[in-house]
Structure formats: structure tokens, C-alpha cells
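This chain uses plain numbering: 1 for the first residue, then up along the sequence. Just follow the structure's listing: the first ligand is 1, and inside any ligand the first atom is 1.
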Amino acid sequence: MSGRPEALFGLFSSLETLDGVGPKTAANFAGLGVHAPRDLLFTLPINVLDRQRRESIEGLEYPAITTVTVTIGAHRPPRTKGAAYRITVSDAETSFQLVFFHARGDYWARALPEGSRRVVSGKLERFDGLPQMVHPDYIVPESEIDAIPSFEPVYPLTSGITQKVMFKASQSVLKLVPEMAEWIDPGQMRKAEWPNVVQALALAHRPQSSADIAITAAARERLAYDEMLAHQLTLALARLTERQKKGHATRGDGVLQQRLITSLPYPLTGAQLRAVSDVNTNMGEAVRMNRLLQGDVGSGKTLVAFLALLRAVEGGGQGVLMAPTEILARQHLQSLKPLAEKVGVRLEILTGRDTGKERNKKLDDLANGDIGVLVGTHAVFQKGVTFDDLRLAVIDEQHRFGVQQRLALGQKGAAVDVLVMTATPIPRSLALAQFGDMDVSILDEKPPGRMPIKTALVSVERMDEVVSRLRAVVEEGRQCYWVCPLVEESEVVDLTAAEERYKHLRAAFGEGVVGLVHGQMPASEKDAAMARFEAGETKLLVATTVIEVGVNVPNATIMVIERAEFFGLAQLHQLRGRVGRGEAASTCLLMYQPPLSKSGQHRLEVLRQTEDGFVIAETDLKMRGAGDVIGTAQSGLPRFWIADLERQAGLMAIAQSDARKLLAEDPGLSSPRGQAARMLLWLLRKDESIRLISVG
Ligand code: ADP
Ligand code: MG
């Protein structure tokens, strides 16, 4: 099947083939992201109006959509210009008024002659104590009652598209849906009691009650699952394609890993042990590893990464650890160098700042295999950098790198295993949607003995108190971070704020005690400022969010975040993670400008109540929605029309395992179910993934 199946041609033809859609309407549909009839199938009603006919409005609770047969009574044309045209109508038991504005001449007198019978449907409401219906949605003779749907779906709209257009077009799309063989696993179909796809689409577009609109309605759930399955098939196909590329089987004797583990003053956590064992297994296979190591700040990812790098060396190769910034690369160097020395492995750093002879020497040593582990920034993947035998690339802090770089990375070494570390806890459903092509290890167990961080909300009006508190802390020999407001998406404005604060604090604490780092500083100055803080020369570090990731100064026990309400939850959590890294009790002060908005208040409260990154991430997801949490554009996530990633995480997990299972059994999607799955991919516009299906 090389092109779109003929059975789907109708659904991918012009919108103008639909009832009531001309060129103008077709163009207006773009506002809903609807470009072909198919797209309308997946644009489901957001509500349903009950237009079942009743005998009388007597006893009805209103305002409410009401459909009733009436006899037209007396007309009362407007007495003054702009006033309403009123018609009294009576049903089986009582009477009410129909109200029209902008009536033209004798239009209504002729359209609704006194004594005639009509079915009217519209919103019945109370005006001056009396029931009335303003501009009924429907007025039809009794013989045409069928024109009024008993249950009318309410669709999302866009400019130039009315409910009536949506309704008519959607109903006519349903006629274009061909019979399709089932692509969902039969066991899952039975368990969930889902209708087949044709029925599901019809039910979803013809809701009969508000229960049919609910996310849990069988028809809608099935369609959500179809979307997830198509997405997971895409990821699974990508994964399969990756795995079909030959990889090195890197098998170590475990000597270096063991040597390191026994030299540590603490045992690995269970989660760390599991992650290391996952990595060892993957690296030992002749397929490429593509694994995500997810763990909250301080969960000990770096150690796992280093053990993985040692595996590469044990196996006779090399490993590289890539960090998103110079600061972080240097920090890795500092923490890993002593460990590398302990186990007798040569570790070097390579960044954009290496130049001249020294750089050339490093490159030579790398090329001839003298350097076992290289730490660095993007510079490690520049032209001219060659490894003798690169086996493993660890990428730290995935979010700064983006998906494109993750893909590009596979192109360096011939068969490099990849381990991506992220400190941003991702709710399970999103992790599955975003990284479904990867295998995942989660460090969900923090090393023991950490002191909890106390988090408090403080109004900026209490700035002076905060400053004196810091003074006391500094006098005890501790250090503090002061993060400046992220006022706008503009570095310049942020910078001004940081510089102002720096001046203010320097005046309060004296020369030499306060340092400043921000993103616009030349790299060498930034490093120097960081180095002074790490060495304890400066006690207070004023910073923009450059310190967000990875910085490790255990002696720092206070984190002040100014205008915390401007920051995202995930970011605040990351920032707070900079303290609480030593034995002393730490505090995070979230300074805000009153009055706080409701959501601002809620977000800061969540932080105050928990340090669990996953709980925070889930809350963030609930509050902001999936698109914003990961930034859909850069995450590579498709738009989900029906599936709700926040509330249907369980379904996503089923879709992932089913997609992987299907492809394991039928990598070419050639079995009957495989063929059906291809149809799903076409129907859901996954043309790209169809290209990934292996031939044969
Ligand atoms: P992450 O990179 O996940 O934020 P780190 O790797 O920086 O976390 O670890 C934070 C600190 O915890 C480091 O100082 C590290 O030495 C220490 N650490 C790592 N694993 C353990 C463990 N199993 N027990 C105690 N301390 C640990
Ligand atoms: Mg780290």
C-alpha cells in the first residue's frame, strides 16, 4: 500500500463536497484546523442540546432549550422603532411569547398567521416575570418536525462557521466513512466494550445526552484511543527503525563500575541500581540504546550517567557526556574528575573555549583513545572532533537540547548508544506521548538523609526582613542565591532587574560579598563569578535563571526567588532544587507582589506543600494543559483532537504497549490487523510514519 487507500478518498477530498459547504465556508473552516472532511470527523461536539418535543412549557424549569408545539395567537408589532415584535402563542396548557427584533414590515404576520400551528424550539427564558422565547432556533410546521434534531450537538465554532453549518457538514461527513477492519487489539475491544470505529464516529456526532459528551463515553474513549494508538504506532515505528540500525554490543566486565561503587561513601539507591542495570542490559545488546533517564533534581542521575560511561570504557570504547551550558559542563568535570581518578579512567573537558595547542592535544588523545570519557558542550560534536571508538553519548538536561538535536546525535558515532537525562519530571502521560519511542528509567527514590527544604511565601513588601535574614545566614558562614524576576521574555529587561538588585544588595552587604551572573555575560566572566561563589568567596549570588539547572553548591542554604509569580511551576521547582544539597536545613523564599492572582496563589501554594517533582509536574499539567507544559511546537507532539493527555494517561500506556506488541509481531504491518493499522495511520494523517514501515 504505497498511497492513501481508495476507501479514504472521500474523507480527504475537498470540503466543498459536504452538504452546505461552498468555497467561502470551506476557507472559513481553516479557523478550526479543518482542511478536509476527515478533520471534521475528529472535531467532536462539545455539548448537546435536548430538543425533544414536549406538550407544554408548564412545570418546566427554565431558562432552558425548549421544543413545543404551539398555536399562533395575537401579534403585537413594535410601537416604537427598535422595540420588539411580539407574538403570543399557546401550547397544550399555557401561553408565552415569541419575540423578534428588527422585524421587517408584515413579514411575521405572513409567516406566522394567527391560528396556525408550529413547532418552535429555542431558549425559553423569563422576562418581567413572563416566559418568552427570543428568536427561536427553529420554527417549523408540524409536518416538518424532523428538521429539528431531538438531540442537537453543539460544535466548537470559528468565525464564519455557524452551528447549523457544522451540524450539516458533520452529518454529511459521516456518510463518507467507509467500513474499516478493526485495528484495536480484540482483547482490548472486549475489555473496554468499545463500538467499532464507524459506530463510534456516528455516536460521537449524534450524542443523545450529556453522558455521551463525557470523556468517558465509550465512543469518545475509543476515538481518543485511536488517536493515541496512531501516535504510539508512529513512535514505535521510529523506535523500530532506530533499533534496526546496528549497534555495538558493549559488554563490560563490571570492574570499573564495581570499583566506583565500592569507593562511594554511600550505597546506590534501588532506583539507581535498576537504572544502571537497564543501561547495562541495553548496552550489551547489538541494537542501539535510546533511553531516557528521568529523575527529580538531586535524585542522583549524574552518578548513573557516570556508571554508564564507565561501562563504555569497560567495553573497550569511549563515552561522552554533553551538557547544555559551559557552567554545567565544568560542574560535571568537577564532580566526575575525582571519581574518574579513583577508578583510573582519563576524563577531559572540551568546550567552545578550548583553542590552539591544548585543543589539538585533546583532539589527538580523543582520536587515539587515550581519553576514556569526554565531558563538554555542543562542542564535542563539532567537525574535527573524532573519537577512537565512541560507544555512549549521555545528554544532560534534555529540555535545553530539543528533539532535533536528540535525533541529530545518532548520526555521530556509527552505532552510539544514547542516554538522555532530564531533571524535569514529566507526568507519565506526557512522557509516554513525548518519549514513547524511548525506553525510560525513572529515579523515583531520592538518596536518603536529605533535609527537607522549607518553602515560604513572602510579599515583596517585606524585602528588608528578607535582607536581614540573609545577613544572619551569611554570618553563620552559609551562602544564598537570589534569583531575579523574569519580567519579560527579554534578556535586556531581566538584566536591568538583576543589575538593580545586585547594586542594592551590594550596598547592603558590602563589596566582595555579592556576586552576579546572567546570560549576557561573557562566558569567562560567568565562570569566574560561579567559581567565586563555589569557592565561598562570594556569599550571595544574584542571578537570572542561568543557574536553573544543575548548579551544585552544597553550602548554599537559601534560595530567594523574586517575583516568583512570574515563573512556571517546573522552573520554580528546578530553582529550589539548587538548595538542600548539603547537611544543613535549607529554605526557599518565594517573593511575590501582592495581590496574587488565584492561579498564582495556587501555584505557589503547591510549591509550599510539596517537594515531589512529579506531583508538581502533574499539577502544572492540570493547570496549564499539555501544550503549554512541554511547548508542543518544540516537543514534536502532534495535536490531539480528542485524546486528553491529562485525564487519559492510562489509555496512553495501553496504546504504547499495544503498538509495540503489534510491531514486534508484525513489523511490516502486513497481517490483517497490521493492514487495518495502516488504515488507521492514513485516517489519522500519519503519512510520515507509513514511510517508516519496513518493507518485506
Ligand atoms: P541530579 O543530577 O539527579 O540532580 P546529582 O547526581 O547531582 O542529582 O546528585 C545529587 C547529590 O546526591 C550529589 O552530591 C551526589 O553525590 C549525591 N548522591 C548521588 N547518589 C547518591 C546516593 N545513592 N546516596 C547518597 N547520595 C547520593
Ligand atoms: Mg544534575
Side-chain angles (χ1 to χ4, degrees), residues 257-279 291-310 319 321-325 327-343 347 373 375 394-401 419-426 431 440-453 479 481 530 534 545 547-557 559 570-584 586 588 611-614 616-617:
Q257 287 188 337
Q258 216 40 56
R259 205 181 286 163
L260 178 67
I261 291 171
T262 46
S263 78
L264 293 171
Y266 46 75
L268 296 192
T269 64
Q272 283 173 319
L273 283 171
R274 278 192 298 279
V276 171
S277 141
D278 289 343
V279 167
R291 181 169 286 280
L292 179 71
L293 178 62
Q294 215 199 325
D296 212 344
V297 278
S299 58
K301 292 182 293 298
T302 315
L303 189 56
V304 172
F306 190 61
L307 285 163
L309 291 163
L310 289 182
L321 168 59
M322 184 161 78
T325 65
I327 292 182
L328 289 175
R330 302 224 164 259
Q331 191 133 26
H332 279 312
L333 177 74
Q334 268 177 29
S335 59
L336 297 183
K337 190 106 191 189
L339 302 183
E341 275 163 9
K342 247 185 245 177
V343 296
L347 180 140
V373 175
V375 171
V394 179
I395 311 177
D396 190 11
E397 309 298 359
Q398 152 79 17
H399 277 188
R400 294 281 170 108
F401 276 107
L419 180 67
V420 174
M421 296 200 277
T422 173
T424 313
I426 307 165
V440 180
S441 295
I442 297 182
L443 297 185
D444 50 6
E445 192 181 336
K446 283 211 177 172
R450 289 279 159 79
M451 295 280 271
I453 302 168
Q479 292 166 281
Y481 293 102
M530 285 307 302
E534 284 183 43
T545 48
I547 60 156
E548 186 185 338
V549 272
V551 172
N552 192 19
V553 179
N555 191 44
T557 56
M559 166 65 67
Q571 204 173 16
L572 290 170
H573 177 64
Q574 288 290 329
L575 287 169
R576 178 171 60 179
R578 299 305 109 211
V579 295
R581 307 194 139 232
E583 299 83 56
S586 294
C588 175
E611 267 191 72
D612 184 328
F614 283 93
I616 291 167

* Asked: Got a donor-acceptor contact below 3.5 angstrom from the D278 side chain to the S441 backbone?
  -> no
* Check whether any side-chain heavy atom of L310 sits under 4.5 Å from a side-chain heavy atom of L339, and report yes or no. => no
* **Sub-4.0 Å atoms of ligand 1 with respect to non-hydrogen atoms of D296** => 3 (O)
* Asked: Excluding sequence neighbours, so at least two apart, what forms side-chain contact (heavy atoms from CB on, under 4.5 Å) with L333?
  -> K337, L347, I349
* Side chain Q257, main chain L307, donor-acceptor under 3.5 Å -> yes
* Any N or O of G300 that comes nearer than 3.5 Å to an N or O of ligand 1? -> yes
* Closer than 4.0 angstrom: is that true for some heavy atom of P267 and an atom of ligand 1? -> yes
* In ligand 1, which numbered atoms sit nearer than 4.0 Å to a non-hydrogen atom of T269? -> 23 (N)
* Asked: Does L264 reach ligand 1, in the sense of a heavy atom lying below 4.0 Å from it?
  -> no
* To do: Would you mind listing which atoms of ligand 1 come within a distance below 4.0 Å of any non-hydrogen atom of T302?
  => 2 (O), 5 (P), 6 (O), 7 (O)
* To do: Say whether R581 and ligand 1 are in contact under the criterion: heavy-atom distance to a ligand atom below 4.0 Å.
  => yes
* **Test item: Q272 side-chain N/O and G300 main-chain N/O as donor-acceptor pair under 3.5 Å** => yes
* For I453, does its backbone N or O pair with a side-chain atom of E611 as donor and acceptor, under 3.5 Å? -> yes
* **Atom indices of ligand 1, in the order listed, that fall short of 4.0 Å to a heavy atom of L268** => 23 (N)
* To do: Could you grab the distance from atom CG of D396 to atom OG1 of T302, nearest 0.5 Å is fine?
  => 6.5 Å
* Classify the contact between Q272 and ligand 1 as side chain, backbone, both or neither, using a heavy-atom distance cut-off of under 4.0 Å. => side chain
* S299: heavy atom below 4.0 Å from ligand 1, yes or no? -> yes
